[in-house]
Q: 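Questions regarding the structure given below will be posed in turn.
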Amino acid sequence: MGEGPRLGVGIAIPQALGSGRPDAAETSRYLERVRAVARRAEELGYEGGWVHEQVVGDRRLVEPVVLLAYVSALTSELGLGCSVFVLPYRQPVTFAKQLAGLDLMSGGRLTVGLGIGHSDERAPALGAARGRRAARFEEAMEVMGRLWAGGPVDFAGEFLRLEGVEVDGGPLQRPRPRLWLGGHAEPALRRAVRHADGWMGAGASGPEAFASQLQMVRRLLEEEGRDPETFALSKRVYVMVDEDGARARGRLVGTAAAASGVAGRPEDVTERLEELLAAGLDHLLIDPVDAHAEHLEALAPLASRGSPGAGGAGGAG
């Protein structure tokens, strides 16, 4: 499976356009922020630029495949990742083709994060059926993996039927791009251990919940006979740094990161993130609540030292 997962410290790419319908001036300012963050992240040695997915909702987020393609064109070494694509909302054949093209055009820099989603209430709006999300997720993963491996695919599943279907033009990584799964419940963690190259804990998971999930992943790796050196352990961490630590903590109030985010002076936040890495993580995704460019610089020492975690290169699942 190519070179295995990229390890280290990644950074979220600005994805929100703001409120209201964007005009040319606002769009230009947004694209400049993306260019500045992506190029500087590469210069400072961050592992990758990461995005997330919200297909429908009240936040105006740029579509993740489109944004990652743009970041790919701006950079030459920066990894590309999404934490996570909600697979039950995607048509697997079309999605496999999109991701194969992105991996090919980026020179094999893609890490595909997949999740099952919190609910299926939006499914009808996206042409997807309600119910049986886990079964749909696993079937879609199997279909995509077979398409990425190359050659015509015949498949007769519960939800999909393929006869001689082929996805050409990539991916560059073989037999497929790096694959990390999200989730927190035992079935999701077991699915990650069985089928993927890594697992990323959610940003909303607080210290105690994440420690419990991490312990479960390690137990499942042992049960499944997986070499932990070939399975990447990661976590998204919402952060807010400010030279005034109290002000930093105050800026988390009222946000989705209020309960689980790490806030304080740059040195305090760096110390907390170093503790997470020292606990055995291979990768952190730093997700600033705002002010991405300032966070890039403030937390650069973390990016430059790579991954000290106990996990390893993360081979194919």
Side-chain angles (χ1 to χ4, degrees), residues 4-12 46-48 50 52 79 81-86 111-118 134 137 141 178-239 252 256-264 268-287 299 302-303 305-317:
R6 292 166 172 261
L7 307 179
V9 177
I11 188 82
Y46 282 87
E47 163 275 328
W50 289 73
H52 65 281
C82 179
S83 175
V84 290
F85 293 110
V86 182
T111 298
V112 178
L114 297 177
I116 199 170
H118 299 297
F137 182 93
M141 273 207 313
R178 292 172 289 271
L179 179 61
W180 294 3
L181 300 192
H184 60 275
E186 182 170 349
L189 302 182
R190 191 175 293 278
R191 192 179 300 119
V193 167
R194 285 179 174 171
H195 301 298
D197 310 308
W199 167 72
M200 179 177 281
S205 294
E208 291 184 6
F210 179 69
S212 176
Q213 294 159 21
L214 191 59
Q215 183 179 18
M216 186 180 298
V217 169
R218 289 177 170 142
R219 174 175 62 80
L220 292 172
L221 286 168
E222 184 175 358
E223 288 181 8
E224 294 290 332
R226 289 286 306 265
D227 181 356
E229 294 295 318
T230 68
F231 190 87
L233 300 172
S234 176
K235 189 184 190 310
R236 175 194 293 274
V237 184
Y238 297 118
V239 299
L252 288 187
S260 60
V262 178
D268 298 329
V269 172
T270 297
E271 181 180 0
R272 176 63 186 127
L273 298 181
E274 285 177 337
E275 289 173 357
L276 280 171
L277 287 168
L281 293 188
D282 306 292
H283 180 272
L284 286 179
L285 167 53
I286 295 173
D287 196 343
L299 301 175
L302 277 172
R305 54 174 245 186
S307 170

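Worth knowing before you read on, the calculation uses all heavy atoms, side chains too, and leaves out hydrogens, waters and symmetry mates.
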Q: Side-chain contact test, heavy atoms from C-beta onward, threshold under 4.5 Å: evaluate it for T111 versus D197 and give yes or no.
A: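 Heavy-atom side-chain distance check fails, nothing below 4.5 Å.
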Q: Considering all heavy atoms of both residues, which atom of H184 and which atom of L189 are nearest to each other, and what is their separation?
A: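 Closest heavy-atom pair between H184 and L189: O-CD1, 3.8 Å.
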Q: Nearest heavy-atom pair of L285 and W50: which atoms, and what distance?
A: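 Heavy atoms only, the tightest pair is CD1-CB, 3.4 Å.
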Q: Residues two or more places apart in sequence or in another chain: which of them pass side chain to side chain contact (heavy atoms under 4.5 Å, CB included) with A134?
A: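 Per chain and number, A134 pairs via side chain to side chain contact (heavy atoms under 4.5 Å, CB included) with I116, R191.
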Q: Mind running side chain to side chain contact (heavy atoms under 4.5 Å, CB included) on V237 and F210 for me, showing each step along the way?
A: CA-CA 11 Å; V237 184; F210 179 69; over 6 Å; no
Q: Considering residues at least two apart in sequence or located in another chain, which fulfil the side chain to side chain contact (heavy atoms under 4.5 Å, CB included) criterion with V269?
A: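 Testing V269 for side chain to side chain contact (heavy atoms under 4.5 Å, CB included), a comparison that skips the adjacent residues, returns V239, V241, V262, L273, L299.
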Q: Quick one: closest heavy-atom pair of M200 and S83, and the distance?
A: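 Closest heavy-atom pair between M200 and S83: SD-OG, 2.9 Å.
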Q: So, using side-chain hydrogen bond (donor to acceptor under 3.5 Å, both in side chains) as the criterion, who are the partners of E275 when residues are at least two apart?
A: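 Counting only residues at least two positions away or on another chain, E275 forms a side-chain hydrogen bond (donor to acceptor under 3.5 Å, both in side chains) with R272.
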Q: Which heavy atom of S260 sits nearest to which heavy atom of A204, and what is that distance?
A: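 Heavy atoms only, the tightest pair is OG-CA, 3.5 Å.
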Q: Taking all non-hydrogen atoms of both residues into account, name the closest pair between R218 and A279 and its distance.
A: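 Where R218 meets A279 most closely, the heavy atoms are NH2-O, 3.1 Å.
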Q: Of all heavy-atom pairs between F231 and A192, which one has the smallest distance, and what is that distance?
A: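 In this case the closest contact between F231 and A192 is CE1-O, 3.4 Å.
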Q: Tell me every residue that passes side-chain hydrogen bond (donor to acceptor under 3.5 Å, both in side chains) with D227, counting only those two or more places apart in sequence or in another chain.
A: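 If we apply the side-chain hydrogen bond (donor to acceptor under 3.5 Å, both in side chains) test to D227, skipping adjacent residues, there are no hits.
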Q: Assess the residue pair V84 and L181 against the criterion (side chain to side chain contact (heavy atoms under 4.5 Å, CB included)); give the C-alpha distance rounded to whole Å, side-chain angles, the decisive distance to 0.1 Å, and a yes or no.
A: CA-CA 8 Å; V84 290; L181 300 192; over 6 Å; no
Q: Once you round to the nearest 0.5 Å, how far does CG of L284 lie from CG of L277?
A: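 The CG atom of L284 sits 4.0 Å away from the CG atom of L277.
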Q: Verify the neighbour count for atom CD of E222: are there more than 12 heavy atoms of other residues, nucleotides or ligands below 6.0 Å?
A: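 Count not over threshold, so no.
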Q: Output all residues satisfying side-chain hydrogen bond (donor to acceptor under 3.5 Å, both in side chains) with W199, sequence neighbours left out; order by chain, then residue number.
A: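 If we apply the side-chain hydrogen bond (donor to acceptor under 3.5 Å, both in side chains) test to W199, skipping adjacent residues, there are no hits.
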Q: Test side chain to side chain contact (heavy atoms under 4.5 Å, CB included) on K235 and L214; report intermediate values, then the result.
A: CA-CA 10 Å; K235 189 184 190 310; L214 191 59; over 6 Å; no
Q: Once ring pair (Phe, Tyr, Trp, His ring centres under 6.0 Å) is applied, do any residues pair with Y238, and if so which ones, sequence neighbours excluded?
A: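 Per chain and number, Y238 pairs via ring pair (Phe, Tyr, Trp, His ring centres under 6.0 Å) with no residue.
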Q: Output all residues satisfying salt bridge (charged side-chain N to carboxylate O under 4.0 Å, His left out) with E223, sequence neighbours left out; order by chain, then residue number.
A: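 With sequence neighbours excluded, E223 shows a salt bridge (charged side-chain N to carboxylate O under 4.0 Å, His left out) to R190, R219, given in chain and number order.
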